Amino acid sequence: MTRPRNDTLLRALMRQPTDYTPVWLMRQAGRYLPEYNATRARAGDFLTLCKNPDFATEVTLQPLARFGLDAAILFSDILTVPDAMGLGLHFVDGEGPRFERPLREEWEIRDLEAPDPEVHLRYVLDAVAQIRRALDNQVPLIGFCGSPFTLACYMIEGGSSHDFLHVKRMLYERPDLLHHVLDVNARALTAYLNAQIAYGAQAVMIFDTWGGVLSSPAYHACSLAYVQQILAGLTRSHDGHAVPVILFTKGGSNWLEAQAAAGCDALGVDWTIDLGRARERVGAKVALQGNLDPAALFAAPEVIEREAGRILASFGAGHGHVFNLGHGISQHTPPEHVQVLVDAVHTLSRQYHLAP
Ligand code: 1CP
């Protein structure tokens with residue numbers, strides 16, 4: 001398969017030379033875009049957008065039509081995997097995801113099985129293939145999944161949570177059960193990401209949104225260990241090209257050194273850490289992705305430019321930085337401000353990529 005014409009993202013993730021710093025945004029296709037809301041209204045609801053490859057392709061391309069972004073990300077959700085395990089996912093408007101059958105009883109956990117992605121997540125793979133065709137090698141397509149622990153949070157809580165009491169109770173009272181869920185998830189997610197790669201994802205990202213709520217020993221045992229299990233099982237090249245893997249852990253900057261040694265190519269970091277400091281800590285092991293506070297996009301254009309400049313300067317000269325937000329874009333973000341950010345990153349970053 002041919003390389004995308006703009007392969008800046010893939011090069012930066014592999015810490016290879018680029019002319020400028022590539023940029024894409026977590027949740028770049030979403031409710032801040034009026035065209036997304038129009039497609040969602042036509043689809044009826046969010047899950048139909050995910051499950052219908054025509055809709056998924058349409059919304060994946062929407063932010064690229066507006067902004068000069070350096071990557072597309074598959075439009076889907078991390079919760080499609082537990083849905084495929086039979087937990088019964090639905091989205092309640094304004095309240096987020098809900099599972100009809102959360103994991104509470106021991107027998108429910110013992111019965112859990114890793115789904116065959118070719119059968120139970122066929123619609124995602126079809127979307128990947130269709131998006132690749134529609135992209136026509138313009139920019140690379142990023143595939144993704146949630147981390148085993150982050151999925152376990154939703155599967156055990158039954159939805160979003162502020163305190164994660166069910167999953168943490170299981171961690172302390174029945175660690176054997178939690179580890180069983182994490183092991184099934186890791187096997188499911190390895191097969192799922194490998195299938196996305198086989199169908200055309202050119203880089204993949206593991207979202208560990210809730211790893212940061214754990215104590216340090218629990219993070220290593222329950223989050224990072226299972227991410228490592230996935231990393232060890234991933235297809236790292238396809239059709240002669242490397243497939244870089246990004247690990248994003250919200251609130252995870254305590255453990256950057258361990259993450260950098262886990263076997264991924266790049267680490268996503270949230271806005272709480274100074275990027276230059278993160279770079280010192282990971283050295284030449286991995287690229288870094290991040291880390292503008294999504295709230296900065298509400299500020300005036302000159303503030304957005306200043307913040308982008310500050311982050312680029314903090315990373316400093318050299319390669320291996322992918323500009324992104326430190327978490328998903330807010331649904332209330334003015335779309336014009338995204339254009340300001342993308343232009344600022346492209347313009348201001350060139351000075352850091354000059355040949356020595
Ligand atoms: O239209 C709508 O109402 C749905 C809003 C929405 C969107 C646009 C949800 C529901 N999911 C998505 C898409 C999505 N989710 C993508 C698409 C690709 C992109 O443009 O980036 C991705 C990568 C995700 C991943 C995801 N889903 C995560 C991990 C990343 C993160 O933001 O931390 C998580 C935790 C979810 C669960 C989820 N799905 C949707 C919501 C509102 C949530 C979060 C619920 C919570 O806060 O617990």
Side-chain angles (χ1 to χ4, degrees), residues 23-51 55-64 66-67 69 71-83 87 89-99 102 124 127-128 131 139 141-164 167 189 192-193 196 201 203-213 246-252 268-271 289-290 294 322 324-333 338:
V23 53
W24 70 277
L25 306 181
M26 289 191 260
R27 299 262 177 105
Q28 63 189 24
R31 287 171 291 182
Y32 74 105
L33 290 178
E35 57 271 35
Y36 169 84
N37 293 319
T39 309
R40 189 177 184 274
R42 270 199 288 129
D45 60 49
F46 170 69
L47 264 190
T48 308
L49 277 187
C50 295
K51 292 192 173 181
F55 283 133
T57 302
E58 185 176 318
V59 294
T60 298
L61 298 181
Q62 285 170 347
L64 298 164
R66 272 192 187 243
F67 316 117
L69 294 158
I73 178 161
L74 162 70
F75 189 84
S76 188
D77 199 83
I78 61 168
L79 301 177
T80 55
V81 173
D83 185 47
L87 273 63
L89 175 64
H90 58 271
F91 281 83
V92 184
D93 255 339
E95 285 177 50
R98 284 281 168 73
F99 284 110
V124 180
V128 169
I131 295 163
V139 291
L141 174 64
I142 304 169
F144 71 90
C145 70
S147 75
F149 177 72
T150 292
L151 290 191
C153 288
Y154 289 98
M155 293 160 78
I156 293 163
E157 297 297 330
S160 305
S161 173
H162 295 297
D163 49 18
F164 300 95
V167 68
L189 295 166
Y192 182 52
L193 284 186
Q196 291 185 31
V204 292
M205 175 152 163
I206 301 172
F207 286 90
D208 192 11
T209 304
W210 301 122
V213 306
I246 312 160
L247 168 62
F248 168 71
T249 311
K250 179 145 188 291
V269 290
D270 69 26
W271 60 90
Q289 177 174 278
V322 172
N324 205 313
L325 305 178
H327 198 202
I329 190 168
S330 157
Q331 63 169 303
H332 306 294
T333 306
V338 172

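One-based numbering, in listed order, for ligands and for the atoms of each. We count residues from 1, following the sequence as given. Treat the numbers as computed from the prediction; the structure is a model and nothing was measured.
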Asks: Flag W210 as yes when one of its N or O atoms lies below 3.5 Å from any N or O atom of ligand 1, and as no otherwise.
Replies: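 Not met; the criterion fails.
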Asks: For residues D77 and T80, is any side-chain donor paired with an opposing acceptor at under 3.5 Å?
Replies: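 Side chains of D77 and T80: no pair found under 3.5 Å.
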Asks: Regarding Q62 and T39, do their side chains bring together a donor and an acceptor under 3.5 Å, going by distance alone?
Replies: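 On atom types as modelled, these side chains qualify, holding a pair under 3.5 Å.
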Asks: Please confirm whether G328 comes under 4.0 Å of ligand 1, counting heavy atoms of the residue only.
Replies: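 No, G328 has no heavy atom closer than 4.0 Å to ligand 1.
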Asks: Going by heavy-atom distance to atom 29 (C) of ligand 1, choose the closest among D45, T209, D208.
Replies: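 Looking at heavy atoms only, T209 sits closest to atom 29 (C) of ligand 1.
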Asks: Ignoring hydrogens, just give me the one of V59, D77, T39, I78 whose non-hydrogen atom is nearest atom 34 (C) of ligand 1.
Replies: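 Going through V59, D77, T39, I78 one by one, I78 has the nearest heavy atom to atom 34 (C) of ligand 1.
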Asks: Could you establish whether L74 and ligand 1 come within less than 4.0 Å of each other, counting only heavy atoms on the residue side?
Replies: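 Yes, L74 has a heavy atom closer than 4.0 Å to ligand 1.
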Asks: Can you tell me if S161 has a non-hydrogen atom under 4.0 Å from ligand 1?
Replies: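 No heavy atom of S161 comes that close to ligand 1.
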Asks: Evaluating non-hydrogen atoms only, which member of F248, Y154, F75 is closest to atom 35 (C) of ligand 1?
Replies: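 Minimum heavy-atom distance to atom 35 (C) of ligand 1 goes to Y154.
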Asks: Would you please classify the geometry between the F248 ring and the F207 ring as parallel, tilted or perpendicular, with 30° and 60° separating the classes?
Replies: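 F207 and F248: perpendicular rings.
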Asks: Suppose we measure from atom 14 (C) of ligand 1 to each protein heavy atom; which comes out shortest, and what is that distance?
Replies: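 For atom 14 (C) of ligand 1, the nearest protein heavy atom comes out as S76 O, 3.2 Å.
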Asks: Do R40 and D93 sit within salt-bridge range, that is, some charged N less than 4.0 Å from a carboxylate O?
Replies: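 Salt bridge flag = yes for D93 with R40.
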Asks: For ligand 1, which atoms have a heavy atom of S160 less than 4.0 angstrom away?
Replies: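 In order of number, 45 (C), 46 (C), 47 (O), 48 (O).
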Asks: How far is atom 22 (C) of ligand 1 from its nearest protein heavy atom, and which residue and atom is that?
Replies: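 Among all protein heavy atoms, the one nearest atom 22 (C) of ligand 1 is F144 CZ, 3.6 Å.
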Asks: Which ligand 1 atoms does Y36 reach within 4.0 Å, using its non-hydrogen atoms?
Replies: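 Atoms satisfying the 4.0 Å criterion: 1 (O), 2 (C), 4 (C), 8 (C).
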Asks: Are any of the side-chain heavy atoms of L47 and F91 separated by less than 4.5 Å?
Replies: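 They are in side-chain contact.
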Asks: Among all protein non-hydrogen atoms, which one is nearest to atom 4 (C) of ligand 1, and what is the separation to 0.1 Å?
Replies: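 Minimum-distance protein heavy atom for atom 4 (C) of ligand 1 reads F46 CD1, 3.3 Å.
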Asks: Does G146 come within less than 4.0 angstrom of ligand 1, counting non-hydrogen atoms of the residue?
Replies: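 Checking ligand 1 against G146, which is what was asked, there is no heavy-atom contact under 4.0 Å.
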Asks: Among all protein heavy atoms in this structure, tell me which lies nearest to atom 3 (O) of ligand 1, with the distance rounded to 0.1 Å.
Replies: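 The closest heavy atom on the protein side is R40 NH2, 2.6 Å.
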Asks: Can G96 be said to touch ligand 1, with heavy atoms closer than 4.0 Å?
Replies: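 Distance cut 4.0 Å: G96 fails for ligand 1.
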Asks: So for H327, does at least one of its heavy atoms come nearer than 4.0 angstrom to any atom of ligand 1?
Replies: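 Within the 4.0 Å threshold, so yes.
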Asks: Does any N or O in the side chain of D270 come within less than 3.5 Å of the main-chain N or O of G251, such that one atom is a donor and the other an acceptor?
Replies: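 The answer is yes, because a donor-acceptor pair under 3.5 Å joins these two groups.
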Asks: Counting only heavy atoms closer than 4.0 Å, does ligand 1 sit against the backbone of R27, its side chain, both, or neither?
Replies: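 The part of R27 near ligand 1 is both the backbone and the side chain.
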